[in-house]
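Before any comments, here is the structure.
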Protein chains: 2
Amino acid sequence: MDTRTDTHQPADAKPDPMRIERLCIERGLKMTGQRRLIARVLSEAVDHPDVEELYRRALALDSRVSIATVYRTVRLLEEKGILERHDFGGGRARYEATDHGHHYHLIDIETGKVIEFSDAQHEALAEAIAARLGFRLVGHRLELFGRRAAPEAATPPRRAPKRRSGEGA
Amino acid sequence: MDTRTDTHQPADAKPDPMRIERLCIERGLKMTGQRRLIARVLSEAVDHPDVEELYRRALALDSRVSIATVYRTVRLLEEKGILERHDFGGGRARYEATDHGHHYHLIDIETGKVIEFSDAQHEALAEAIAARLGFRLVGHRLELFGRRAAPEAATPPRRAPKRRSGEGA
DNA sequence: TTAGCTGCAAAACGTTTGCTTCCCG
DNA sequence: CGGGAAGCAAACGTTTTGCAGCTAA
């Protein structure tokens with residue numbers, strides 16, 4: 001992790017459509033057709049889709065999946081440490097593969113877009129704070145909520161989510 | 001906010017049982033019996049109770065409240081900026097008064113206990129990162145998940161919450 | 001062969017809401 | 001008095017689950 005605070009959203013995309021499947025096999029998971037399908041959708045995602053979005057993408061490739069299986073699978077993969085669950089508000093959990101390094105999120109409160117960034121300085125600070133409090137850091141998350149800075153003109157209005165602060169995949 | 005990373009959980013407790021009610025009146029809210037009751041429970045809380053816990057505490061003082069009112073009230077107070085909602089995992093929202101300064105949370109993953117701390121250095125860093133990404137920081141949250149450091153002997157086992165990573169108020 | 005996965009529909013969960021009655025201001 | 005608040009129960013949207021049948025290993 002570098003000191004530079006760099007964005008890498010659709011930038012360095014996921015080149016390998018079998019990344020996740022490989023991870024599943026590594027952890028000894030039985031690979032069924034639908035798991036392979038969901039794994040592929042996850043491998044190709046460069047965003048933070050929720051279950052419904054994953055289901056939609058999976059259906060587009062093969063209609064023989066049910067949303068219950070998507071739920072069961074993301075849960076399984078989360079338990080196996082392959083996926084990370086996020087709650088960015090909006091009431092639904094959103095997922096992301098854990099295999100592209102630890103990073104943080106900046107949520108654009110106007111558009112709901114999530115920007116990823118990493119920051120070594122912050123990493124160190126978190127570690128230091130935990131130590132000072134007498135803890136060994138196991139995990140941490142930093143979420144910034146911001147508005148695009150001045151330069152731009154006005155920004156388009158936003159639709160209100162059911163409740164909470166949310167966005168949409 | 002000072003540079004020192006200091007804990008202040010049950011430490012500087014809430015001395016004034018009418019703090020929240022006063023804030024409500026300041027913002028022009030109509031004060032009913034149940035709002036006063038809920039405000040009092042909130043004023044006395046030194047933790048991060050969820051709605052059910054608030055309801056339980058309120059009931060103990062006066063049985064003439066319904067959980068629907070608790071829900072409506074926390075939502076109202078959140079909109080008014082008097083309360084802050086947190087999602088520490090566990091599937092239910094947890095609340096905390098906003099009137100004791102911006103701070104962060106360290107969640108002890110063994111016990112589920114939440115420790116509050118503030119850190120000016122981190123505050124500045126968050127601001128800087130947002131600026132670097134071209135955003136004006138509107139809000140941010142930092143959550144550390146840790147395990148009590150070595151010195152202690154073994155730590156007691158944990159009960160598993162329904163799902164997610166959660167804890168309990 | 002069989003442990004374990006899938007689909008379906010129903011249940012569970014936290015939370016919101018429609019409606020009527022009640023009360024604060 | 002009038003507008004907003006409370007209580008109840010029903011509705012909601014997301015997620016989990018029981019069960020019967022199917023499938024990877």
Side-chain angles (χ1 to χ4, degrees), chain A residues 21 24-39 49-56 58-59 62-80 83 85-95 159-169, chain B residues 21 24-39 41 48-56 58-59 61-80 83 85-95 160-169:
Chain A
E21 177 174 351
C24 290
I25 292 169
E26 260 172 43
R27 323 246 161 149
L29 294 181
K30 191 187 210 175
M31 290 311 292
T32 64
Q34 17 290 75
R35 282 195 186 165
R36 240 184 295 275
L37 175 61
I38 295 165
D50 58 33
V51 167
E52 250 185 298
E53 178 62 22
L54 289 172
Y55 178 49
R56 220 171 295 131
L59 273 186
D62 186 331
S63 64
R64 294 162 321 193
V65 211
S66 74
I67 198 164
T69 295
V70 179
Y71 270 108
R72 280 195 268 239
T73 303
V74 294
R75 182 166 160 181
L76 175 69
L77 299 205
E78 193 207 344
E79 278 159 8
K80 291 293 181 185
L83 286 186
R85 170 170 41 210
H86 294 295
D87 175 55
F88 294 144
R92 32 232 285 175
R94 298 174 54 183
Y95 295 87
R159 59 96 179 77
K162 193 197 83 174
R163 188 84 290 281
R164 292 164 161 87
S165 40
E167 60 154 307
Chain B
E21 176 172 351
C24 289
I25 293 168
E26 260 172 43
R27 322 245 164 152
L29 294 181
K30 189 187 209 174
M31 289 314 289
T32 64
Q34 18 289 76
R35 281 194 187 166
R36 240 182 296 275
L37 175 60
I38 295 165
V41 168
H48 307 76
D50 58 33
V51 168
E52 251 185 299
E53 178 62 22
L54 289 172
Y55 178 50
R56 220 172 294 132
L59 273 187
L61 300 178
D62 186 331
S63 64
R64 292 161 325 193
V65 212
S66 74
I67 198 165
T69 296
V70 179
Y71 270 109
R72 279 195 267 241
T73 304
V74 293
R75 183 167 162 179
L76 176 69
L77 300 205
E78 194 206 344
E79 277 159 9
K80 291 292 182 186
L83 286 187
R85 170 168 41 206
H86 294 295
D87 175 54
F88 293 145
R92 33 234 283 176
R94 298 174 54 183
Y95 295 86
K162 192 198 81 177
R163 191 80 294 279
R164 291 163 160 90
S165 41
E167 62 155 306

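Source: prediction; values computed, not measured.
- Candidate nucleotides dT6(C), dT15(C), dA9(C) were compared by shortest atom distance to the side chain of Arg92(B), and dT15(C) ranks first.
- Summarising the geometry, the separation between CG on Asp62(B) and C1' on dA6(D) is reported as 13 Å, rounded to the nearest angstrom.
- In this structure, Arg64(A) places its CZ atom where only 12 or fewer heavy-atom neighbours from other residues, nucleotides or ligands lie under 6.0 Å away.
- Put simply, the residue from Val70(A), Asp50(A), Ile38(A) that forms a side-chain contact (heavy atoms from CB on, under 4.5 Å) with Tyr55(A) is Val70(A).
- One can place CG of Leu59(B) at 14 Å from P of dA6(D), the figure rounded to the nearest angstrom.
- Of the candidate nucleotides dT17(D), dC5(C), dG7(D), dG7(D) has the atom lying nearest to any side-chain atom of Val65(B).
- For the pair Arg75(B) CZ and dT15(C) P, the interatomic distance rounds to 12 Å; values are reported in whole Å.
- The two residues Glu21(A) and Ala39(A) come nearest to each other via the heavy atoms N-CB, 3.8 Å.
- For Arg36(B) (side chain) and Met31(B) (main-chain N/O), a donor-acceptor pair under 3.5 Å exists by modelled atom type.
- Distance check: Arg27(A) CZ to Leu76(A) CG gives 11.0 Å after rounding to the nearest 0.5 Å.
- Atom CD1 of Ile25(A) and atom CZ of Arg35(A) lie 11.5 Å apart (nearest 0.5 Å).
- Remark: C1' of dT16(C) and CD of Glu78(B) are 14 Å apart, rounded to the nearest angstrom.
- Regarding Tyr55(A), its OH atom lies at a distance of 8 Å from the P atom of dG7(C), rounded to whole Å.
- Atom CD in Glu52(B) sits roughly 10 Å away from atom C1' in dC13(C) (whole-Å rounding).
- DNA chain C lies under 4.0 Å from at least one heavy atom of each of the following residues of residues 25-34 of chain A: Lys30(A), Thr32(A), Gln34(A).
- Taking only side-chain nitrogens and oxygens, Arg85(A) never comes nearer than 4.0 Å to OP1 or OP2 of dT15(D).
- For the OP1/OP2 pair of dT16(C) and a distance below 4.0 Å, the side-chain nitrogens and oxygens of Tyr71(B) include no atom meeting the criterion.
- Contact check on Glu78(B) versus Arg75(B) returns no salt bridge, with no Lys/Arg side-chain nitrogen under 4.0 Å from an Asp/Glu carboxylate oxygen.
- Not one side-chain nitrogen or oxygen of Arg72(A) sits closer than 4.0 Å to the OP1 or OP2 atom of dT16(D).
- The CD1 atom of Ile67(A) sits 9 Å away from the P atom of dT15(D) (whole-angstrom rounding).
- As rounded to whole Å, 15 Å separates atom C1' of dC5(C) from atom CZ of Arg64(A).
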